[in-house]
Amino acid sequence: MSTIQAPKGTYDLLPPDSAVFLAVREAIAAPARRAGYGYVETPGFEHVELFSRGVGESTDIVTKEMYTLTTKGGTQLALRPEGTASVLRAALEGSLHRAGNLPVKLWYSGSYYRYEAPQAGRYRHFSQVGAEALGAEDPMLDAELIILAADAYRALGLRNVRLLLNSLGDRACRPVYRAALQDFLRGLDLDEDTRRRIEINPLRVLDDKRESVQRQLAGAPLITDHLCEACKAYHEQVREQLAAAGVAYEDDPRLVRGLDYYTRTTFEFVHGGLGSQSAVGGGGRYDGLSEMIGGPSLPSVGWALGVDRTVLALRAEGVELPLPAGTDVFAVPLGEEARRTLFAVVTELRRAGVAADFAFGGKGVKNAMKSANRSGARFTLVAGDRDLADAVVQVKDMESGEQTAVPLDGIVAAVKELLA
Ligand code: HAM
């Protein structure tokens with residue numbers, strides 16, 4: 001029988017690389033936590049309707065990429081393709097917005113699922129860290145989120161992340177722009193599918209990657225020229241705050257995101273070293289989403305950064321993250337009596353906060369020392385019958401090779417001192 005393999009478009013996180021993923025999650029979350037964002041966790045699946053209404057009936061995510069299932073009871077569920085709709089649903093359901101302390105600021109981290117054609121940087125199961133600020137319309141809040149994401153990339157040591165910025169307008173000006181764009185697009189030479197898209201979601205046509213389409217889009221009307229005064233002023237303030245914070249951005253009037261809920265501020269972080277899947281993170285304002293899923297008016301803004309692609313970006317730039325130390329101390333017992341004694345010492349060391357490991361499986365001293373080497377421990381504790389008779393443990397410095405006999409009854413304190 002052949003062994004079962006992971007499904008297409010997925011991969012496993014295994015040591016030692018998995019430590020990098022944890023460090024990236026932590027580095028992205030840290031700035032948000034420091035800025036008052038509280039942790040939120042929502043289920044891995046939701047009612048299909050949440051995403052079809054929230055993300056949008058005409059988006060690729062909903063029409064092609066959602067993993068849906070019908071329960072035995074007949075309920076239609078979907079594995080979450082993104083986090084924003086879920087987080088907003090959870091906040092509304094938990095009445096966080098009624099506590100009178102707006103904006104409600106939340107961060108999250110987890111797995112997301114999209115049935116996409118897998119390729120480098122594009123998976124069917126991937127990982128995001130996100131932040132959402134619910135219930136405030138304030139350009140400084142948009143700026144805060146963008147600054148937090150930029151600071152996270154900076155803290156990771158990434159140098160080649162670019163920030164693309166746009167405004168998609170609001171209920172007042174977007175429809176006017178949409179109509180102007182439709183007029184323009186209807187005059188182009190496009191295939192049947194794209195013609196249909198013009199009627200349902202014309203802004204997405206701007207995002208068409210095909211050269212034959214892009215060539216025709218050269219003279220397309222730009223949202224920037226159609227923003228109403230309120231949106232223009234709002235966007236100007238966001239830009240001002242970014243500039244004041246030293247966050248470089250590029251205006252990209254063609255930036256359209258793949259989700260329908262966006263209004264006003266939209267942005268994407270892209271990295272040059274990732275090939276076609278260059279977006280490492282993205283987000284924007286979604287003032288109408290709450291109403292779309294049956295809630296009150298709750299203007300909000302947020303982002304999600306892709307953990308997988310951020311790791312790829314680090315690799316592309318050759319950045320080595322400082323990872324937390326693994327094992328500090330490794331115990332190598334010689335004989336049955338020493339196994340019992342050193343196992344007790346290891347337990348005591350761990351309880352005292354020292355990262356300690358043990359040569360399990362009763363291996364010979366040669367193999368046990370190999371394990372000690374591989375563990376990266378700074379010190380190895382070795383004890384045999386003679387050491388036990390003298391009530392000592394040999395402490396070997398793995399760097400210098402020097403070995404000292406340390407009294408067994410003071411071993412924990414002595415090791416802590418050596419490590420300090
Ligand atoms: P998104 O642009 O669809 O936005 O996804 C955000 C990030 O998730 C992308 O920039 C990318 O790094 C990563 N990502 C998306 N799909 C894949 C995939 N198939 N494989 C690997 N990585 C992927 C959202 O999800 C919005 N909820 C962001 C947001 C939050 N907007 C407002 N608040």
Side-chain angles (χ1 to χ4, degrees), residues 8-11 21 24-25 28 32 37 40 42 46 50-51 54-56 59-62 64-67 79-89 91 103-134 141-142 144-146 148-149 152-153 158 161-164 166 168 204 207 255-271 274-290 292 298-314:
K8 188 175 165 189
T10 72
Y11 64 100
F21 277 75
V24 166
R25 285 199 187 112
I28 297 175
Y37 288 71
V40 60
T42 63
E46 296 273 357
L50 176 70
F51 302 116
V55 175
T59 58
D60 281 353
I61 292 180
V62 167
K64 299 182 193 156
E65 296 169 5
M66 232 164 25
Y67 282 91
L79 297 187
R80 57 184 183 188
E82 64 105 42
T84 309
S86 304
V87 166
L88 182 54
R89 179 207 48 73
V104 175
K105 303 208 285 189
L106 301 168
W107 77 273
Y108 52 96
S109 170
S111 292
Y112 297 86
Y113 308 87
R114 295 182 194 175
Y115 188 73
E116 299 197 77
Q119 64 177 91
R122 188 164 72 193
Y123 311 106
R124 291 180 172 175
H125 165 264
F126 57 95
S127 189
Q128 288 184 343
V129 173
E132 315 285 351
L134 314 175
L141 192 56
D142 304 43
E144 167 175 290
L145 276 153
I146 296 173
L148 291 174
Y153 290 126
L158 285 171
V161 176
R162 288 159 52 223
L163 164 62
L164 310 180
N166 194 18
L168 288 179
R204 291 293 294 162
D207 221 18
L255 177 70
V256 182
R257 307 253 310 124
L259 307 96
D260 277 356
Y261 48 61
Y262 291 112
T263 51
R264 291 195 167 168
T265 314
T266 43
F267 52 89
E268 210 154 77
F269 292 92
V270 293
H271 191 277
L274 300 187
S276 63
Q277 302 306 309
S278 60
V280 286
R285 179 158 277 284
Y286 47 95
D287 292 341
L289 179 57
S290 175
M292 280 148 78
L298 205 65
S300 306
V301 56
W303 49 245
L305 311 190
V307 178
D308 311 74
R309 288 187 196 165
T310 303
V311 170
L312 292 177
L314 288 167

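Start at 1 and go down the list; that is how both ligands and their atoms are numbered. Computed from a predicted model, the values in this text were never measured in an experiment.
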Worksheet item: Looking only at heavy atoms of Gly281, does any of them come nearer than 4.0 Å to an atom of ligand 1?
Response: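 True for this residue.
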
Atom indices of ligand 1 within 4.0 angstrom of [X] heavy atoms, with elements:
X	value
Leu259	3 (O), 4 (O)
Gly306	7 (C), 8 (O), 12 (O), 13 (C)
Gly282	10 (O), 28 (C), 29 (C)
Val280	10 (O), 12 (O)
Ala304	6 (C), 7 (C), 28 (C), 29 (C), 30 (C)
Tyr262	26 (C), 28 (C), 29 (C), 31 (N), 32 (C)
Arg122	19 (N), 20 (N)
Glu132	30 (C), 32 (C), 33 (N)

In terms of residue, atom name and distance, what is the protein heavy atom nearest to [atom]?
atom	result
atom 26 (C) of ligand 1	Tyr261 OH, 3.3 Å
atom 20 (N) of ligand 1	Tyr123 N, 3.0 Å
atom 19 (N) of ligand 1	Glu116 OE2, 2.6 Å
atom 32 (C) of ligand 1	Gly302 O, 3.3 Å
atom 21 (C) of ligand 1	Gly121 O, 3.3 Å
atom 9 (C) of ligand 1	Ala279 O, 4.0 Å

Option whose closest heavy atom lies nearest to [atom], chosen from [options]:
atom	options	result
atom 22 (N) of ligand 1	Arg309, Glu268, His271, Glu82	Arg309
atom 7 (C) of ligand 1	Arg124, Arg257, Gln128	Gln128
atom 30 (C) of ligand 1	Ile61, Leu305, Thr59, Thr84	Thr84
atom 15 (C) of ligand 1	Tyr113, Phe126, Tyr112, Tyr108	Phe126

Discussion item. Rounded at 0.5 Å granularity, tell me how far CZ in Arg114 sits from NZ in Lys64.
Written reply: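 Those atoms lie 13.5 Å apart.
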
Item to complete: Would you mind telling me if ligand 1 is within reach of the side chain of Tyr286, the backbone, both or neither, using heavy atoms under 4.0 Å?
Response: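 The answer is the side chain of Tyr286.
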
Discussion item. One residue to check: Phe267. Relative to ligand 1, which of side chain, backbone, both or neither has a non-hydrogen atom less than 4.0 Å away?
Written reply: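 No part of Phe267 is near ligand 1 at this cut-off.
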
Item to complete: Go through the steps for Asn166 and Leu164 under the test side-chain contact (heavy atoms from CB on, under 4.5 Å), then give the verdict.
Response: CA-CA 7 Å; Asn166 194 18; Leu164 310 180; over 6 Å; no

Worksheet entry | With sequence neighbours excluded, residues passing ring-ring contact (aromatic ring centres under 6.0 Å, His included) with Tyr123 |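 Per chain and number, Tyr123 pairs via ring-ring contact (aromatic ring centres under 6.0 Å, His included) with Tyr11.
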
Item to complete: Verify, without hydrogens or angle tests, whether Arg89 (side chain) and Glu46 (backbone) share a donor-acceptor contact under 3.5 angstrom.
Response: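 Not at all, since once roles are kept as given, no pair shorter than 3.5 Å links the two residues.
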
Practice prompt. Taking Arg122 for its side chain and Ala117 for its backbone only, find out whether a donor-acceptor pair lies under 3.5 Å.
Written response: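 Such a contact is found between Arg122 side chain and Ala117 backbone.
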
Worksheet item: Can the ring centroids of Tyr115 and Tyr67 be said to lie less than 6.0 angstrom from one another?
Response: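 They qualify: ring centres under 6.0 Å apart.
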
Item to complete: Run the numbers on Asp308 and Thr310 for side-chain contact (heavy atoms from CB on, under 4.5 Å), then give the verdict.
Response: CA-CA 6 Å; Asp308 311 74; Thr310 303; over 6 Å; no

Item to complete: Using a strict cut-off of less than 4.0 Å between a Lys/Arg side-chain nitrogen and an Asp/Glu carboxylate oxygen, indicate whether Arg124 and Glu65 qualify as a salt bridge.
Response: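 Not counted as a salt bridge, because no side-chain N and carboxylate O are separated by less than 4.0 Å.
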
Discussion item. Test side-chain hydrogen bond (donor to acceptor under 3.5 Å, both in side chains) on His125 and Ser111; report intermediate values, then the result.
Written reply: CA-CA 7 Å; His125 165 264; Ser111 292; 2.8 Å; yes

Practice prompt. Name all residues meeting the side chain to side chain contact (heavy atoms under 4.5 Å, CB included) criterion together with Thr263; count only those two or more places apart in sequence or in a different chain, and write none if there are none.
Written response: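 So Thr263 forms a side chain to side chain contact (heavy atoms under 4.5 Å, CB included) with Arg174, Arg285, Asp287.
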
Worksheet item: side chain to side chain contact (heavy atoms under 4.5 Å, CB included) with Glu132: which of Tyr37, Trp303, Tyr108, Trp107?
Response: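 Running side chain to side chain contact (heavy atoms under 4.5 Å, CB included) over Tyr37, Trp303, Tyr108, Trp107 with Glu132 returns exactly one hit, Tyr108.
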
Worksheet item: So among Val280, Leu314, Ile28, which one has a side chain to side chain contact (heavy atoms under 4.5 Å, CB included) with Tyr153?
Response: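 The passing option is Val280.
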
Practice prompt. Determine, stepwise, if the pair Phe51 / Thr84 fulfils side-chain contact (heavy atoms from CB on, under 4.5 Å).
Written response: CA-CA 10 Å; Phe51 302 116; Thr84 309; over 6 Å; no

